[in-house]
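Structure record follows, encoded as structure tokens.
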Amino acid sequence: MDRFYSPNWMAQALCEPFDLVSGTRVFDPTMGEGALLLAAEEGGAGNSVELMGCDLDPLTVKGVQERHPGWRVGRADIYSKASRVSSPVWRTARQGVDLVVLNPPFSYRGKQRRTISLLGSSYRATPAVAALAIVLDEVKTSQGVGVVLPEGSFHGEINEEVWQGIHTNFDVDLVQKLPRGSFRNAKASSVLLTIRGRDKSLRTVSPPATRLGGTSYSRACRCVDVVRGRIHNSRLWEHPDAGARFVHTSNLLNGRISRVERFQSPKLATRGPMVLLPRVGRFYPEKVVMVESEELVLSDCVIALRVKEPSNLSALKSTLLHPATGLSRQYSGTGAPYITVRDVMALLESAGLNPRHITNLEESFTCLCGAEFATSQSAS
């Protein structure tokens, strides 16, 4: 298993958002050489902070014990339930700590995901996110979790379901994006996150006062179907009868669809009105394209945002390109920049829209907010 230990400056940045007062209990379940715990100790500024940690390697644990005899440390494999149950340190942490700091294993060799449980639901996740989910499921905290993750595991669609589960029950804040090379001998870029339990009784949702096509959302459909293209560009086979046009990111140019030379079966098509945007590649405003009614077969590198009326297209495009929306900032990743369906849906929700992820290409547009409005009118 790869070991990328946290440099001191990163460990300090991870602990900085938390209140390390006297008596604070801090737990690191993958402590390595103890950099995160040491940063918590130093961040306490003379306060008596109780530090606990676990690691898979017994020699690493022994070294930490010798250097920091006041810490409570022991061996445990975070991915093994039997190991966690048998660990005195982990059992103590499960009873409750103030803060968990976590730099989990980054390696994803072999593309093997792990099955984990989070608050009663089962998920499959990459090793780094699986370790985080195990902590969130088993360890109660008063202040939350500070974690460093590969950027791809945070934004990538491979972990989308487990992140939906996390976002449902926790507040996730991005503290800092870290460039490649932040870890010695590691090529991946990474992110620092804080994750805190959500007090649902204190949260209320007030939709922003946004307008679509000059009409208040209370009187116009604010539903948006989010459709990710399904046809891989390298596996494309052309339809012999020259059916629907096939659109890849390279065809999104200057605000319109250009240079289309390939066609696909209309059975695979998505019909407008919709706004197209690239899912993969550097983002340019000129790549956001409005389509009023044409049926198009979309590459898996294209996302379509389908609306009820063509008159809503201009307002939706303007919303996407408004600086306050921050669409361009959502594109990230360890290789080519990309945006996920989850990111797009969160962005639309923040703009006061009702996004719905559509996986069945034959499913027609359904206005949910219109039905709700009609129901409320008839009830009154």
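Quick caveat, the model's predicted, so the values are computed rather than measured.
- The hydrophobic clustering, which links ILVMFWY residues whose side-chain heavy atoms are closer than 4.5 Å, places Val172 and Leu174 together.
- In the hydrophobic cluster analysis, where Ile, Leu, Val, Met, Phe, Trp and Tyr join through side-chain heavy atoms closer than 4.5 angstrom, Val226 is grouped together with Leu277.
- One finds a salt bridge joining Arg245 and Glu294 here, because a Lys/Arg side-chain nitrogen approaches an Asp/Glu carboxylate oxygen to under 4.0 Å.
- Taking the side chain as every heavy atom from C-beta outward, Pro273 and Asn312 never approach each other to under 4.5 Å.
- When all heavy atoms of Ala244 and Val297 are compared, the closest pair comes out as CB-CG2, 3.8 Å.
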Quiz: residues 248-255 side-chain donor-acceptor pairs under 3.5 angstrom, not counting sequence neighbours:
| from | atom 1 | to | atom 2 | distance (Å) |
| --- | --- | --- | --- | --- |
| His248 | ND1 | Ser299 | OG | 2.7 |
| Asn251 | OD1 | His248 | N | 2.8 |
| Asn251 | ND2 | Ser258 | O | 3.2 |
| Asn251 | ND2 | Arg259 | O | 3.2 |

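- In this structure, Val147 and Ile195 have side chains that are in contact, with non-hydrogen atoms separated by less than 4.5 Å.
- Judged by distance alone, the side chains of Arg72 and Thr92 do bring a donor and an acceptor atom under 3.5 Å apart.
- To the nearest 0.5 Å, atom CG of residue Leu99 and atom SG of residue Cys15 are 6.5 Å apart.
- The minimum heavy-atom distance between Ser328 and Phe283, with the atom names listed, is CB-CD2, 3.5 Å.
- In summary, of the residues considered (Leu37, Val89, Val101), a side-chain contact (heavy atoms from CB on, under 4.5 Å) with Phe27 occurs for Val89 alone.
- Taking the side chain as every heavy atom from C-beta outward, Leu268 and Ile231 approach each other to under 4.5 Å.
- Hydrophobic clustering of Ile, Leu, Val, Met, Phe, Trp and Tyr side chains at less than 4.5 Å, counting indirect connections, keeps Ile303 apart from Phe365.
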task: Quick one: do Leu327 and Leu347 satisfy side-chain contact (heavy atoms from CB on, under 4.5 Å)? Show the steps, please.
output: CA-CA 7 Å; Leu327 175 60; Leu347 184 146; 4.0 Å; yes
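- A donor-acceptor contact closer than 3.5 angstrom links the side chains of Ser142 and Asp98.
- Annotation: side chain of Val26 is not in contact with side chain of Met52 (no heavy-atom distance under 4.5 Å).
- A donor-acceptor distance shorter than 3.5 angstrom exists from the side chain of Arg25 to the backbone of Gly96, with no hydrogens or angles considered.
- Atoms CG and OG1, on Leu118 and Thr168 in that order, are 9.0 Å from each other to the nearest 0.5 Å.
- Under the 4.5 Å side-chain criterion, counting only non-hydrogen atoms from C-beta, Thr30 is in contact with Pro105.
- The environment of CD in Gln330 is crowded: more than 12 heavy-atom neighbours from other residues, nucleotides or ligands sit within 6.0 Å.
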query: Yes or no on side-chain contact (heavy atoms from CB on, under 4.5 Å) for Arg75 and Ser83, after CA distance, side-chain angles and deciding distance?
result: CA-CA 8 Å; Arg75 183 187 178 279; Ser83 180; 4.3 Å; yes
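- With hydrogens and angles disregarded, a donor-acceptor distance shorter than 3.5 Å links the side chain of Asn159 to the backbone of Thr126.
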- prompt: Could you walk me through whether Arg228 and Arg279 pass the side-chain contact (heavy atoms from CB on, under 4.5 Å) check?
  reply: CA-CA 8 Å; Arg228 175 184 166 179; Arg279 186 183 68 84; 3.3 Å; yes
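- Put simply, the side chain of Ser48 reaches to within 4.5 Å of the side chain of Ser22, judged on heavy atoms.
- Taking both residues in full, the closest heavy atoms of Ser153 and Val129 are given as O-CG2, 3.5 Å, listed atom of the first, atom of the second, then distance.
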message: Apply side-chain contact (heavy atoms from CB on, under 4.5 Å) to residues Ile116 and Ser122 and explain how you reach the verdict.
response: CA-CA 6 Å; Ile116 48 88; Ser122 180; over 6 Å; no
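- Between the CZ atom in Arg230 and the CG atom in Asp300 there is a gap of 8.5 Å [rounded to 0.5 Å].
- Classification of Asp225 and Arg356 as a salt-bridged pair holds, one side-chain N sitting under 4.0 Å from a carboxylate O.
- Using cut-offs of 30° and 60° for the angle between ring planes, the Trp163 and His167 rings count as tilted.
- Applying the side-chain contact (heavy atoms from CB on, under 4.5 Å) rule to Gln164 yields the partners Glu160; only residues at least two apart in sequence or on another chain are considered.
- Applying the side chain to side chain donor-acceptor pair (under 3.5 Å) test to Ser80 and every residue at least two apart in sequence or in another chain returns nothing.
- Between Leu14 and Met10, every side-chain heavy-atom pair lies at or beyond the 4.5 Å cut-off.
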task: Walk me through it: do Glu138 and Trp90 pass the test side-chain hydrogen bond (donor to acceptor under 3.5 Å, both in side chains)?
output: CA-CA 9 Å; Glu138 294 192 5; Trp90 191 281; 2.9 Å; yes
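- Taking the side chain as every heavy atom from C-beta outward, Leu276 and Ile257 approach each other to under 4.5 Å.
- Taken to the nearest 0.5 Å, the CZ atom of Arg91 stands 13.0 Å off from the CZ atom of Arg84.
- Val85 and Val135 fall into different hydrophobic clusters, where Ile, Leu, Val, Met, Phe, Trp and Tyr are joined by side-chain heavy atoms under 4.5 Å apart, directly or via other members.
- Of all heavy-atom pairs between Leu348 and Pro355, the closest is CD1-CB, 3.9 Å.
- Heavy-atom minimum distance, Ala304 versus Leu298: CB-CD1, 3.5 Å.
- Taking OH from Tyr284 and CZ from Arg282, the interatomic distance works out to 3.5 Å, rounded to the nearest 0.5 Å.
- Val64 approaches Gly32 most closely through the heavy-atom pair CG2-O, 3.6 Å.
- Within 6.0 Å of the CD atom in Glu286, the count of heavy atoms belonging to other residues, nucleotides or ligands exceeds 12.
- Judged by distance alone, the side chain of Gln143 and the main-chain N or O of Asp19 form a donor-acceptor pair under 3.5 Å.
- Relative to the ring axis of Tyr79, Arg114 places its NZ or CZ within 45° and under 6.0 Å from the centre.
- For the atom pair Leu320 CG and Leu305 CG, the distance stands at 6.0 Å (nearest 0.5 Å).
- Neither Leu59 nor Leu56 shares a network with the other; the hydrophobic side chains, linked directly or stepwise wherever heavy atoms of I, L, V, M, F, W or Y lie under 4.5 Å apart, form separate groups for each.
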